[in-house]
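Counting starts at 1 for both ligands and their atoms, in listed order. The first residue of the sequence shown is numbered 1, and numbering continues consecutively from there.
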Amino acid sequence: MRTHYCGSVNESHIGQEITLCGWVHRRRDHGGVIFLDMRDREGIAQVVFDPDTVESFAKAERVRSEYVLQIKGFVRARPDGTTNDDMATGKVEILGKDLTILNAAETPPFPLDGYVDVGEDTRLKYRFMDLRRPEMLNKLMFRSKVTSFIRNYMDQNGFMDVETPILTRATPEGARDYLVPSRTHAGSFFALPQSPQLFKQLLMVSGVDRYYQIAKCFRDEDLRADRQPEFTQVDVEMSYMDDEAIMNMMEGMVSSMFSQLLEQDLGAFPRMTYAEAMQRYGSDKPDLRIPLELVDVADLMDSVEFKVFAGPAKDPKGRVAALKVTGGAELSRKQIDEYTKFVGIYGAKGLAWIKVNELEKGAEGLQSPIVKFLGEEVALNIMSRLGAANGDIVFFGADQEKVVNEALGALRCKVGEDLNLYTCDWAPMWVVDFPMFEELDGGALTAIHHPFTAPSCSPEELKAAPEKALSRAYDMVLNGTELGGGSIRIHEADMQKAVFEILGIDEAEQQNKFGFLLDALKFGCPPHGGLAFGLDRLVMLMTGASTIREVIAFPKTQSASCALTHAPGDVDSKQLRELSIKVRKPESEKKEG
Ligand code: ASP
């Protein structure tokens with residue numbers, strides 16, 4: 001139906017007759033001449049109709065925004081003074097000859113001929129129109145370039161694309177499962193995969209050697225910001241490669257992707273242990289673009305009278321840390337109050353601070369509500385440890401270690417953003433040597449990565465002191481966002497059973513849930529490892545989008561539903577009967593009904 005995309009018409013086509021198909025982006029009537037901006041996936045071209053082509057001119061008068069047209073005409077150079085350098089097609093226009101209206105359109109729910117800020121509810125309800133906006137279509141196009149790049153890279157490095165089941169059993173990744181009732185096995189349920197983890201490990205046992213898949217994963221998580229119940233992972237697994245080789249392979253992919261698709265050089269990917277990341281940045285995904293660091297000062301505070309500091313300083317599970325912001329003395333009281341509220345989100349009970357006005361005057365030169373409680377000597381010792389200078393502000397966190405890390409870690413990023421302290425555009429890194437387990441509130445242990453991650457010690461050492469064990473897990477972090485994570489896996493049944501035991505999974509449950517894995521590990525499982533990248537997050541970072549919803553064609557709302565199709569929806573009682581399911585309405589709905 002067409003010879004060219006609107007967006008691809010240029011000076012090389014001058015003099016040619018072409019046919020375009022697309023939407024009316026904008027229509028202008030200029031004293032007897034009608035201009036139609038025609039839009040398609042590739043861009044916009046200007047078509048001119050003059051009254052000489054009587055029939056087409058009459059049709060051009062009738063068309064409205066978003067009508068679908070086919071237009072035949074001649075490409076010509078735009079007259080002097082009317083070229084538009086901002087448009088890829090701005091040097092040419094098409095003198096329209098024939099116009100066919102392929103379809104009419106009602107007035108769109110929001111204008112498309114210029115970016116207008118529309119509420120997300122409306123955008124998601126009319127997602128098919130929202131995606132028609134060039135900004136959105138360009139993001140989808142970019143996403144497609146990313147996946148195509150990944151497939152090529154994987155192909156060139158000998159990876160096989162293998163599909164794994166969607167109807168399966170629970171794969172523990174720390175979230176709730178989405179369940180699918182089985183009709184043929186009344187009362188039994190499939191789980192949608194939280195990741196293809198166990199299948200990709202089994203593929204290593206089968207000899208696939210290098211596997212990848214661009215896989216949909218499903219996690220029914222509590223509604224935290226910017227998560228989607230279904231999302232896409234670039235899932236990878238390889239045999240006979242150690243941690244370093246796997247990290248290098250994946251780093252190669254991400255670096256060359258940034259350089260080819262964005263012309264950006266990511267530079268080196270430093271490796272940092274989890275312990276160091278927590279200590280210096282209060283986070284296991286530090287944003288290394290920001291040159292601020294947490295500094296421990298508990299040893300200077302443990303004998304002050306001020307309990308807020310002395311308490312956590314003496315508590316083995318506590319932490320007292322300081323964050324110096326160079327030039328931060330300019331922050332207003334109001335801003336400091338806002339930061340105090342901000343750290344409250346992470347459980348901090350307050351935010352102590354010292355502004356360094358005139359250090360040469362000793363305590364008198366320090367402006368702060370807390371110096372009087374610390375005493376001059378302690379305050380000055382802290383300043384000297386931090387290398388503080390006039391014009392700086394120092395924030396403090398004193399609480400349980402977890403609270404201090406989370407609060408000051410988040411504050412570090414917030415201040416870095418607010419004061420634009422970034423030292424570079426991209427800061428990639430790997431975080432390594434994570435602990436194997438973390439303690440839940442009741443004292444039980446849970447796997448930090450997943451239970452199939454190999455520890456860096458023997459099963460005996462692991463059982464003797466599980467809380468001290470480190471894992472062979474690694475996370476790739478870019479600008480403070482975790483892009484991907486994975487690990488060397490357990491490839492021996494004994495070790496796998498030791499981990500299950502520590503996690504409180506008894507023999508019967510091991511057999512019931514993971515019998516197939518334990519079997520597979522007994523039949524010659526090669527050493528292997530892998531990781532998974534969050535594709536949505538990667539594309540978000542690369543396009544500068546503000547949420548992952550902007551780079552997913554049909555995302556769910558913040559409350560895990562689809563504004564377009566109204567999923568999840570009711571099903572009729574016959575269907576439920578077939579599935580042997582009886583629905584118990586939540587109490588809240590019973591009262592209303
Ligand atoms: N399956 C893991 C996840 O989804 C990634 C990996 O270990 O490969 O987080």
List the steps, then state whether side-chain hydrogen bond (donor to acceptor under 3.5 Å, both in side chains) holds for Asn157 with Arg210.
-> CA-CA 9 Å; Asn157 285 286; Arg210 290 185 176 193; 4.9 Å; no
Looking at [X], which atoms of ligand 1 are within less than 4.0 Å of one of its heavy atoms?
X      : result
Leu531 : 6 (C), 8 (O)
Ser195 : 1 (N), 4 (O)
Gln233 : 3 (C), 4 (O)
Gly486 : 6 (C), 7 (O)
His449 : 6 (C), 7 (O)

Is Arg489 in polar range of ligand 1, meaning some N or O pair under 3.5 Å apart?
->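 Yes, since at least one N or O of Arg489 sits under 3.5 Å from an N or O of ligand 1.
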N or O contact, Lys200 vs ligand 1, cut-off under 3.5 Å |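 Between Lys200 and ligand 1, an N or O pair is found under 3.5 Å apart.
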Structural part of Ala532 in contact with ligand 1, heavy atom criterion under 4.0 angstrom |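 Looking at Ala532 and ligand 1, atoms from backbone and side chain both fall under 4.0 Å.
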Measure Glu482 to ligand 1 on non-hydrogen atoms and call it side chain, backbone, both or neither using the 4.0 Å cut-off.
->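 For Glu482, no heavy atom sits under 4.0 Å from ligand 1.
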Test Glu293 against Lys324 for salt bridge (charged side-chain N to carboxylate O under 4.0 Å, His left out), laying out the working first.
-> CA-CA 7 Å; Glu293 290 192 23; Lys324 178 188 80 178; over 6 Å; no
Among Lys125, Gln558, Arg549, find the residue that satisfies the side-chain hydrogen bond (donor to acceptor under 3.5 Å, both in side chains) test when tested with Glu120.
->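 The passing option is Arg549.
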Does one side chain, of Arg219 or Tyr178, offer a donor that lies under 3.5 Å from an acceptor on the other?
->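 Their side chains do not contain a donor-acceptor pair, so the 3.5 Å distance test is not met.
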Would you tell me whether Tyr211 and Gln213 have side-chain atoms, one donor and one acceptor, within less than 3.5 Å of each other?
->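 Yes, because at least one side-chain N or O of Tyr211 sits under 3.5 Å from a partner of the opposite role on Gln213.
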What's the shortest heavy-atom distance between Asp284 and Val477, and which atoms?
->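 Closest pair (atom of Asp284, atom of Val477, distance): O-CG2, 4.1 Å.
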Least distance between heavy atoms, Arg123 atom then Val118 atom =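 Taking every non-hydrogen atom into account, CD-O, 3.4 Å.
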Does [X] reach ligand 1, in the sense of a heavy atom lying below 4.0 Å from it?
X      : result
Glu237 : no
Gln194 : no
Arg219 : yes

Residues Asp315, Lys317: salt bridge by 4.0 Å N-O rule |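 No, Asp315 and Lys317 are not salt-bridged.
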Among protein heavy atoms, which lies nearest atom 5 (C) of ligand 1, and at what distance?
->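 That would be Gly485 O, 3.4 Å.
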For atom 9 (O) of ligand 1, what is the nearest protein heavy atom, given as residue, atom name and distance?
->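 Answer, as residue, atom name and distance: Glu173 OE1, 3.4 Å.
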Please test Gln201 against Gln197 for side-chain hydrogen bond (donor to acceptor under 3.5 Å, both in side chains), starting from the C-alpha separation and ending with a verdict.
-> CA-CA 6 Å; Gln201 290 190 233; Gln197 185 61 37; 2.8 Å; yes
